[in-house]
Protein chains: 2
Amino acid sequence: MTERKASFARAPVELPDEAVQAERFEKARSAQASAVLEDYVELIDDLLASGGEARPTDIARRLGVSHATATKSIGRLKREGLATSKAYRGVFLTPDGHALAARVRARHRLVVDLLIAVGVPPECAERDAEGLEHHVSDVALAAFARYLKR
Amino acid sequence: MTERKASFARAPVELPDEAVQAERFEKARSAQASAVLEDYVELIDDLLASGGEARPTDIARRLGVSHATATKSIGRLKREGLATSKAYRGVFLTPDGHALAARVRARHRLVVDLLIAVGVPPECAERDAEGLEHHVSDVALAAFARYLKR
DNA sequence: TTCAAAATGTAGCATCGGCTACATTTTGCG
DNA sequence: CGCAAAATGTAGCCGATGCTACATTTTGAA
Ligand SMILES: [Mn+2]
Ligand SMILES: [Mn+2]
Ligand SMILES: [Mn+2]
Ligand SMILES: [Mn+2]
(Lines give C-alpha, C1' and ligand atoms only; values in the text may rest on other atoms or scores of the structure.)
(Ligands and ions follow the chains in the order given, each with its own letter.)
Protein backbone atom coordinates (compact mmCIF):
# COMPACT_ATOMS: atom_id res chain seq x y z
CA MET A 1 0.00 0.00 0.00
CA THR A 2 1.86 3.02 1.30
CA GLU A 3 4.91 0.85 1.69
CA ARG A 4 7.70 1.17 -0.87
CA LYS A 5 10.41 -1.29 -1.65
CA ALA A 6 13.13 0.69 0.08
CA SER A 7 11.28 1.29 3.34
CA PHE A 8 12.33 -0.59 6.45
CA ALA A 9 8.98 -1.16 8.05
CA ARG A 10 10.21 -4.55 9.14
CA ALA A 11 13.51 -6.29 9.66
CA PRO A 12 14.42 -8.65 6.82
CA VAL A 13 13.03 -12.06 7.67
CA GLU A 14 15.56 -14.84 7.80
CA LEU A 15 13.87 -18.20 7.43
CA PRO A 16 15.29 -21.34 9.04
CA ASP A 17 16.49 -24.18 6.85
CA GLU A 18 13.53 -26.08 5.43
CA ALA A 19 14.51 -29.45 6.84
CA VAL A 20 15.19 -28.00 10.28
CA GLN A 21 11.86 -26.25 10.36
CA ALA A 22 9.98 -29.33 9.15
CA GLU A 23 11.63 -31.38 11.86
CA ARG A 24 10.46 -28.94 14.54
CA PHE A 25 6.87 -29.10 13.36
CA GLU A 26 7.01 -32.87 13.17
CA LYS A 27 8.25 -33.06 16.76
CA ALA A 28 5.39 -30.86 17.91
CA ARG A 29 2.86 -33.03 16.06
CA SER A 30 4.22 -36.23 17.52
CA ALA A 31 4.19 -34.74 21.02
CA GLN A 32 0.57 -33.80 20.52
CA ALA A 33 -0.30 -37.32 19.45
CA SER A 34 0.67 -38.69 22.87
CA ALA A 35 -0.87 -35.85 24.87
CA VAL A 36 -4.25 -37.51 25.36
CA LEU A 37 -2.72 -40.82 26.41
CA GLU A 38 -0.46 -39.03 28.87
CA ASP A 39 -3.33 -37.15 30.49
CA TYR A 40 -5.34 -40.32 30.84
CA VAL A 41 -2.60 -42.38 32.48
CA GLU A 42 -1.70 -39.57 34.83
CA LEU A 43 -5.32 -39.11 35.86
CA ILE A 44 -6.00 -42.82 36.21
CA ASP A 45 -2.92 -43.21 38.35
CA ASP A 46 -4.04 -40.31 40.54
CA LEU A 47 -7.50 -41.78 40.95
CA LEU A 48 -6.12 -45.19 41.84
CA ALA A 49 -3.69 -43.68 44.34
CA SER A 50 -6.18 -41.39 46.01
CA GLY A 51 -9.41 -43.29 46.28
CA GLY A 52 -8.84 -46.73 44.96
CA GLU A 53 -10.94 -46.86 41.80
CA ALA A 54 -10.63 -45.30 38.35
CA ARG A 55 -14.05 -45.59 36.78
CA PRO A 56 -14.90 -44.37 33.29
CA THR A 57 -17.49 -41.91 34.58
CA ASP A 58 -15.06 -40.32 37.04
CA ILE A 59 -12.37 -40.11 34.39
CA ALA A 60 -14.79 -38.51 31.96
CA ARG A 61 -16.03 -35.96 34.48
CA ARG A 62 -12.53 -34.89 35.48
CA LEU A 63 -11.42 -34.58 31.86
CA GLY A 64 -14.56 -32.70 30.93
CA VAL A 65 -15.62 -35.13 28.20
CA SER A 66 -18.55 -37.49 27.74
CA HIS A 67 -18.26 -40.98 29.13
CA ALA A 68 -18.41 -42.35 25.58
CA THR A 69 -15.35 -40.33 24.65
CA ALA A 70 -13.51 -41.51 27.75
CA THR A 71 -14.39 -45.12 27.01
CA LYS A 72 -13.04 -44.80 23.49
CA SER A 73 -9.75 -43.36 24.71
CA ILE A 74 -9.48 -46.03 27.39
CA GLY A 75 -9.80 -48.49 24.53
CA ARG A 76 -6.80 -46.90 22.91
CA LEU A 77 -4.86 -47.12 26.19
CA LYS A 78 -5.61 -50.84 26.25
CA ARG A 79 -4.63 -51.31 22.61
CA GLU A 80 -1.32 -49.64 23.35
CA GLY A 81 -0.66 -51.78 26.39
CA LEU A 82 -0.96 -49.03 28.97
CA ALA A 83 -4.16 -50.08 30.73
CA THR A 84 -6.45 -53.00 31.38
CA SER A 85 -10.12 -53.26 32.24
CA LYS A 86 -13.02 -55.65 32.22
CA ALA A 87 -16.60 -54.74 31.45
CA TYR A 88 -18.32 -52.84 34.25
CA ARG A 89 -15.15 -52.86 36.37
CA GLY A 90 -12.71 -50.03 36.81
CA VAL A 91 -9.60 -49.26 34.79
CA PHE A 92 -6.11 -50.30 35.85
CA LEU A 93 -2.66 -49.46 34.58
CA THR A 94 -0.14 -51.96 33.27
CA PRO A 95 3.46 -51.66 34.49
CA ASP A 96 4.16 -49.67 31.32
CA GLY A 97 1.19 -47.43 32.02
CA HIS A 98 2.25 -46.91 35.59
CA ALA A 99 5.79 -46.05 34.58
CA LEU A 100 4.48 -43.56 32.02
CA ALA A 101 2.22 -42.01 34.64
CA ALA A 102 5.14 -41.52 36.98
CA ARG A 103 7.21 -39.76 34.30
CA VAL A 104 4.26 -37.62 33.24
CA ARG A 105 3.48 -36.56 36.79
CA ALA A 106 7.08 -35.64 37.54
CA ARG A 107 7.22 -33.57 34.37
CA HIS A 108 3.90 -31.91 35.14
CA ARG A 109 5.15 -30.81 38.55
CA LEU A 110 8.44 -29.54 37.22
CA VAL A 111 6.67 -27.45 34.61
CA VAL A 112 4.35 -25.95 37.20
CA ASP A 113 7.26 -25.20 39.50
CA LEU A 114 9.22 -23.51 36.77
CA LEU A 115 6.28 -21.36 35.72
CA ILE A 116 5.76 -20.24 39.30
CA ALA A 117 9.48 -19.59 39.69
CA VAL A 118 9.49 -17.14 36.80
CA GLY A 119 6.46 -15.33 38.18
CA VAL A 120 3.37 -16.98 36.72
CA PRO A 121 0.46 -17.01 39.20
CA PRO A 122 -0.09 -20.52 40.62
CA GLU A 123 -3.56 -21.21 39.25
CA CYS A 124 -2.47 -19.93 35.85
CA ALA A 125 0.61 -22.12 36.07
CA GLU A 126 -1.55 -25.15 36.75
CA ARG A 127 -3.83 -24.35 33.86
CA ASP A 128 -1.12 -23.67 31.30
CA ALA A 129 0.94 -26.63 32.45
CA GLU A 130 -1.82 -29.01 31.42
CA GLY A 131 -1.11 -28.18 27.79
CA LEU A 132 2.56 -27.23 28.00
CA GLU A 133 3.78 -30.39 29.69
CA HIS A 134 3.35 -32.49 26.56
CA HIS A 135 5.80 -30.35 24.62
CA VAL A 136 8.71 -30.08 27.03
CA SER A 137 11.65 -32.21 25.94
CA ASP A 138 13.91 -34.06 28.34
CA VAL A 139 16.70 -31.60 27.65
CA ALA A 140 14.49 -28.64 28.54
CA LEU A 141 13.21 -30.51 31.57
CA ALA A 142 16.75 -31.01 32.80
CA ALA A 143 17.39 -27.30 32.34
CA PHE A 144 14.27 -26.53 34.37
CA ALA A 145 15.48 -28.76 37.18
CA ARG A 146 18.89 -27.10 37.18
CA TYR A 147 17.31 -23.68 37.20
CA LEU A 148 15.06 -24.52 40.15
CA LYS A 149 17.96 -25.93 42.13
CA ARG A 150 20.14 -22.86 41.61
CA MET B 1 0.11 -56.81 46.83
CA THR B 2 2.69 -56.46 49.57
CA GLU B 3 1.22 -53.12 50.45
CA ARG B 4 -0.94 -52.85 53.53
CA LYS B 5 -3.50 -50.24 54.38
CA ALA B 6 -1.37 -48.59 57.00
CA SER B 7 1.82 -48.37 54.95
CA PHE B 8 2.98 -45.04 53.61
CA ALA B 9 4.57 -46.08 50.35
CA ARG B 10 3.34 -42.84 48.83
CA ALA B 11 2.12 -39.47 50.01
CA PRO B 12 -1.66 -39.26 50.08
CA VAL B 13 -2.81 -37.90 46.73
CA GLU B 14 -4.95 -34.81 46.96
CA LEU B 15 -7.03 -34.42 43.82
CA PRO B 16 -8.13 -31.00 42.54
CA ASP B 17 -11.80 -30.13 42.45
CA GLU B 18 -13.49 -31.90 39.55
CA ALA B 19 -14.79 -28.76 37.88
CA VAL B 20 -11.44 -27.01 38.18
CA GLN B 21 -9.61 -29.95 36.68
CA ALA B 22 -12.11 -30.31 33.84
CA GLU B 23 -11.73 -26.64 33.05
CA ARG B 24 -7.96 -26.99 32.78
CA PHE B 25 -8.23 -29.88 30.35
CA GLU B 26 -10.81 -28.02 28.30
CA LYS B 27 -8.51 -25.03 28.02
CA ALA B 28 -5.69 -27.23 26.80
CA ARG B 29 -7.97 -28.84 24.20
CA SER B 30 -9.17 -25.51 22.90
CA ALA B 31 -5.60 -24.21 22.66
CA GLN B 32 -4.69 -27.25 20.65
CA ALA B 33 -7.55 -26.67 18.25
CA SER B 34 -6.03 -23.39 17.11
CA ALA B 35 -2.44 -24.62 17.00
CA VAL B 36 -2.46 -25.66 13.35
CA LEU B 37 -4.05 -22.42 12.20
CA GLU B 38 -1.51 -20.42 14.18
CA ASP B 39 1.44 -22.27 12.69
CA TYR B 40 0.10 -21.77 9.16
CA VAL B 41 -0.51 -18.01 9.46
CA GLU B 42 2.87 -17.47 11.10
CA LEU B 43 4.62 -19.43 8.37
CA ILE B 44 2.69 -17.80 5.54
CA ASP B 45 3.45 -14.39 6.93
CA ASP B 46 7.14 -15.29 7.17
CA LEU B 47 7.20 -16.52 3.59
CA LEU B 48 5.45 -13.41 2.31
CA ALA B 49 7.79 -11.15 4.27
CA SER B 50 11.00 -12.91 3.28
CA GLY B 51 10.64 -13.84 -0.34
CA GLY B 52 7.34 -12.58 -1.57
CA GLU B 53 5.31 -15.73 -2.24
CA ALA B 54 3.64 -18.30 -0.04
CA ARG B 55 2.94 -21.26 -2.25
CA PRO B 56 1.24 -24.46 -1.08
CA THR B 57 4.27 -26.59 -1.93
CA ASP B 58 6.64 -24.39 0.08
CA ILE B 59 4.25 -24.32 2.98
CA ALA B 60 3.92 -28.09 2.87
CA ARG B 61 7.65 -28.67 2.70
CA ARG B 62 8.40 -26.37 5.63
CA LEU B 63 5.66 -27.93 7.74
CA GLY B 64 6.74 -31.42 6.83
CA VAL B 65 3.37 -32.50 5.44
CA SER B 66 2.13 -33.46 2.01
CA HIS B 67 0.90 -30.73 -0.30
CA ALA B 68 -2.58 -32.20 -0.16
CA THR B 69 -2.62 -31.80 3.60
CA ALA B 70 -1.39 -28.22 3.34
CA THR B 71 -4.05 -27.41 0.76
CA LYS B 72 -6.75 -28.77 3.02
CA SER B 73 -5.57 -26.67 5.95
CA ILE B 74 -5.29 -23.59 3.76
CA GLY B 75 -8.93 -24.24 2.91
CA ARG B 76 -9.73 -24.05 6.59
CA LEU B 77 -7.78 -20.78 6.90
CA LYS B 78 -9.92 -19.38 4.11
CA ARG B 79 -13.15 -20.63 5.68
CA GLU B 80 -12.17 -18.91 8.91
CA GLY B 81 -11.36 -15.66 7.18
CA LEU B 82 -7.63 -15.72 7.82
CA ALA B 83 -6.35 -16.22 4.27
CA THR B 84 -7.27 -15.87 0.61
CA SER B 85 -6.06 -17.60 -2.51
CA LYS B 86 -7.01 -18.28 -6.09
CA ALA B 87 -6.32 -21.48 -7.96
CA TYR B 88 -2.69 -21.90 -8.96
CA ARG B 89 -1.72 -18.62 -7.27
CA GLY B 90 -0.07 -18.18 -3.92
CA VAL B 91 -1.73 -17.76 -0.53
CA PHE B 92 -2.26 -14.38 1.13
CA LEU B 93 -3.37 -13.31 4.57
CA THR B 94 -6.41 -11.21 5.34
CA PRO B 95 -5.99 -8.35 7.83
CA ASP B 96 -7.26 -10.75 10.51
CA GLY B 97 -4.76 -13.35 9.41
CA HIS B 98 -1.95 -10.86 9.43
CA ALA B 99 -2.87 -9.61 12.88
CA LEU B 100 -2.97 -13.18 14.18
CA ALA B 101 0.42 -13.87 12.62
CA ALA B 102 1.91 -10.87 14.38
CA ARG B 103 0.60 -12.00 17.77
CA VAL B 104 1.73 -15.55 17.20
CA ARG B 105 5.21 -14.51 16.15
CA ALA B 106 5.65 -12.24 19.16
CA ARG B 107 4.55 -15.02 21.46
CA HIS B 108 6.83 -17.53 19.74
CA ARG B 109 9.83 -15.27 20.27
CA LEU B 110 9.00 -14.59 23.88
CA VAL B 111 8.71 -18.30 24.60
CA VAL B 112 12.05 -19.00 22.96
CA ASP B 113 13.68 -16.17 24.87
CA LEU B 114 12.33 -17.36 28.18
CA LEU B 115 13.48 -20.91 27.58
CA ILE B 116 16.96 -19.70 26.75
CA ALA B 117 16.95 -17.42 29.79
CA VAL B 118 16.35 -20.34 32.13
CA GLY B 119 19.12 -22.37 30.52
CA VAL B 120 17.58 -24.36 27.68
CA PRO B 121 19.99 -24.74 24.73
CA PRO B 122 18.91 -22.51 21.81
CA GLU B 123 18.11 -25.17 19.24
CA CYS B 124 16.19 -27.14 21.86
CA ALA B 125 14.36 -23.95 22.78
CA GLU B 126 13.35 -23.41 19.17
CA ARG B 127 12.15 -26.97 18.83
CA ASP B 128 10.16 -27.09 22.05
CA ALA B 129 8.73 -23.63 21.48
CA GLU B 130 6.99 -24.80 18.34
CA GLY B 131 4.67 -26.90 20.47
CA LEU B 132 4.72 -24.92 23.70
CA GLU B 133 3.74 -21.56 22.23
CA HIS B 134 0.14 -22.62 21.63
CA HIS B 135 -0.43 -23.29 25.30
CA VAL B 136 0.98 -20.16 26.91
CA SER B 137 -1.76 -17.87 28.20
CA ASP B 138 -1.59 -14.09 28.05
CA VAL B 139 -1.08 -13.96 31.79
CA ALA B 140 1.89 -16.30 31.61
CA LEU B 141 3.22 -14.41 28.62
CA ALA B 142 3.12 -11.18 30.60
CA ALA B 143 5.01 -12.89 33.40
CA PHE B 144 7.64 -14.06 30.90
CA ALA B 145 8.07 -10.52 29.62
CA ARG B 146 8.46 -9.18 33.15
CA TYR B 147 10.98 -11.87 34.00
CA LEU B 148 13.07 -11.14 30.91
CA LYS B 149 13.08 -7.42 31.63
CA ARG B 150 14.26 -7.85 35.22
C1' DT C 1 6.90 -23.02 -29.68
C1' DT C 2 6.52 -27.32 -27.62
C1' DC C 3 6.34 -30.42 -24.20
C1' DA C 4 7.95 -32.63 -19.99
C1' DA C 5 8.47 -31.55 -15.23
C1' DA C 6 6.78 -29.19 -11.41
C1' DA C 7 3.08 -27.34 -9.02
C1' DT C 8 -1.53 -27.52 -7.85
C1' DG C 9 -6.13 -29.40 -7.30
C1' DT C 10 -9.09 -33.12 -5.95
C1' DA C 11 -10.91 -37.63 -4.54
C1' DG C 12 -10.87 -41.13 -1.33
C1' DC C 13 -9.13 -43.44 2.78
C1' DA C 14 -7.61 -43.75 7.72
C1' DT C 15 -7.25 -42.42 12.62
C1' DC C 16 -8.33 -39.71 16.38
C1' DG C 17 -11.19 -37.62 19.60
C1' DG C 18 -15.25 -35.11 20.17
C1' DC C 19 -20.59 -35.81 20.45
C1' DT C 20 -25.68 -37.91 21.04
C1' DA C 21 -28.71 -41.68 21.38
C1' DC C 22 -29.85 -45.88 22.91
C1' DA C 23 -29.03 -50.71 25.03
C1' DT C 24 -27.42 -53.23 28.86
C1' DT C 25 -25.62 -54.09 33.42
C1' DT C 26 -24.88 -52.99 38.13
C1' DT C 27 -26.05 -50.81 42.35
C1' DG C 28 -28.44 -49.31 46.08
C1' DC C 29 -32.67 -48.03 48.37
C1' DG C 30 -37.37 -48.62 50.00
C1' DC D 1 -36.51 -58.67 47.05
C1' DG D 2 -37.58 -55.76 43.46
C1' DC D 3 -36.97 -51.92 40.74
C1' DA D 4 -35.43 -47.36 39.42
C1' DA D 5 -31.32 -44.80 38.88
C1' DA D 6 -26.66 -44.76 37.85
C1' DA D 7 -22.96 -46.57 35.41
C1' DT D 8 -21.32 -48.68 31.52
C1' DG D 9 -21.15 -50.30 26.79
C1' DT D 10 -21.96 -49.57 21.91
C1' DA D 11 -23.35 -47.61 17.49
C1' DG D 12 -23.09 -43.99 14.46
C1' DC D 13 -22.18 -39.21 13.31
C1' DC D 14 -18.87 -35.30 12.69
C1' DG D 15 -14.65 -32.39 11.78
C1' DA D 16 -9.71 -32.07 11.77
C1' DT D 17 -5.54 -33.63 9.95
C1' DG D 18 -2.72 -36.99 8.14
C1' DC D 19 -1.85 -39.92 3.72
C1' DT D 20 -1.67 -41.78 -1.49
C1' DA D 21 -3.13 -41.66 -6.09
C1' DC D 22 -4.44 -39.42 -9.93
C1' DA D 23 -6.08 -35.27 -12.85
C1' DT D 24 -5.14 -30.73 -14.32
C1' DT D 25 -2.62 -26.48 -14.89
C1' DT D 26 1.46 -23.80 -15.13
C1' DT D 27 6.20 -23.12 -16.07
C1' DG D 28 10.56 -23.23 -17.96
C1' DA D 29 14.04 -25.12 -20.93
C1' DA D 30 15.33 -27.06 -25.29
MN1 LIG E 1 -1.87 -32.42 30.08
MN1 LIG F 1 -0.85 -33.23 33.50
MN1 LIG G 1 3.83 -23.93 16.68
MN1 LIG H 1 5.68 -20.87 15.92
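In what follows, chains are A, B, ... by sequence order, proteins preceding strands, each numbered from 1. What you see is a predicted model, and the numbers here were worked out from it, not measured in a lab. Below, each value reflects all heavy atoms present in this structure, side chains not excepted, and no hydrogens, waters or symmetry copies.
- Panel note: side chain R61(A), backbone D58(A); no donor-acceptor pair is recorded below 3.5 Å.
- With D128(A) contributing its side chain and V136(B) its backbone, the two residues share no donor-acceptor pair below 3.5 Å.
- The residue A87(B) sits close only to the backbone: its heavy atoms come under 4.0 Å of sugar-phosphate atoms, none of a base.
- Here R24(B) pairs with E123(A) in a salt bridge; the nearest charged N to carboxylate O distance falls below 4.0 Å.
- Look at CZ on F25(B): it is 14 Å from P on dG17(C), rounded to the nearest Å.
- Spacing between atom CZ of R29(B) and atom C1' of dC16(C) amounts to 14 Å, rounded to whole angstrom units.
- The backbone N or O of V65(A) lies less than 3.5 Å from no partner atom in the side chain of T69(A), so there is not a single donor-acceptor pair.
- A distance-only check finds a donor-acceptor pair linking the side chain of R62(A) to the backbone of P16(B) [under 3.5 Å].
- Within the 4.0 Å cut-off from OP1 or OP2 of dC19(D), at least one side-chain nitrogen or oxygen of T69(B) is found.
- Judged by atom type and distance alone, K72(B) reaches the base of dG12(C) through a side-chain donor-acceptor pair under 3.5 Å.
- Closest to the side chain of V36(A), out of dG17(C), dG18(D), dA21(C), is dG17(C).
- Checking dT24(C), dT17(D), dC19(C) against every side-chain atom of V65(A), the shortest atom distance belongs to dC19(C).
- The side chain of A68(A) has dA21(C) as its nearest neighbour among dA21(C), dG9(C), dA21(D).
- A heavy-atom distance below 4.5 Å is found between the side chains of Q32(A) and H135(A).
- Each of Y88(A) and L37(B) lies near DNA chain D, and the nucleotide nearest Y88(A) is the one positioned closer to the 5' end.
- Contacts with DNA chain C (heavy atom under 4.0 Å) in residues 76-85 of chain A: R76(A), R79(A), listed by number.
- Applying the 4.0 Å criterion to OP1 and OP2 of dG18(C), one finds that S66(A) has every side-chain N and O outside that range.
- Atom-to-atom, CG of D39(A) to P of dC16(C) comes out at 17 Å; the value is rounded to the nearest Å.
- Distances shown here put every side-chain N or O of T57(A) at or beyond 4.0 Å from the OP1 or OP2 atom of dA7(D).
- Taking the side chain as every heavy atom from C-beta outward, V120(A) and Y147(B) never approach each other to under 4.5 Å.
- Per the geometry, CD1 belonging to I74(B) stands 14 Å off C1' belonging to dT10(C), to the nearest Å.
- The separation between R89(A) atom CZ and dA7(D) atom P is 15 Å, rounded to whole Å.
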Note to self: Strictly under 4.0 angstrom, non-hydrogen atoms only: write out the protein contact profile of nucleotides 1-6 of chain D, one letter per nucleotide from the 5' end, B, S or -.
What the structure shows: ------
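- Atom NE2 of H67(B) is separated from atom C1' of dT10(C) by 9 Å (rounded to the nearest Å).
- Salt bridge annotation for R107(B)-E38(B): present, with a cationic side-chain nitrogen under 4.0 angstrom from a carboxylate oxygen.
- The residues D46(A) and R105(A) are annotated as salt-bridged, a charged nitrogen and a carboxylate oxygen being separated by less than 4.0 angstrom.
- Protein atom CD of Q32(A) is 11 Å distant from nucleotide atom C1' of dC16(C), rounded to whole Å.
- In this structure, NZ of K86(A) is placed 14 Å from P of dT26(C), rounded to the nearest angstrom.
- Looking only at side-chain heavy atoms (C-beta outward), Q21(A) and L43(B) come within less than 4.5 Å of each other.
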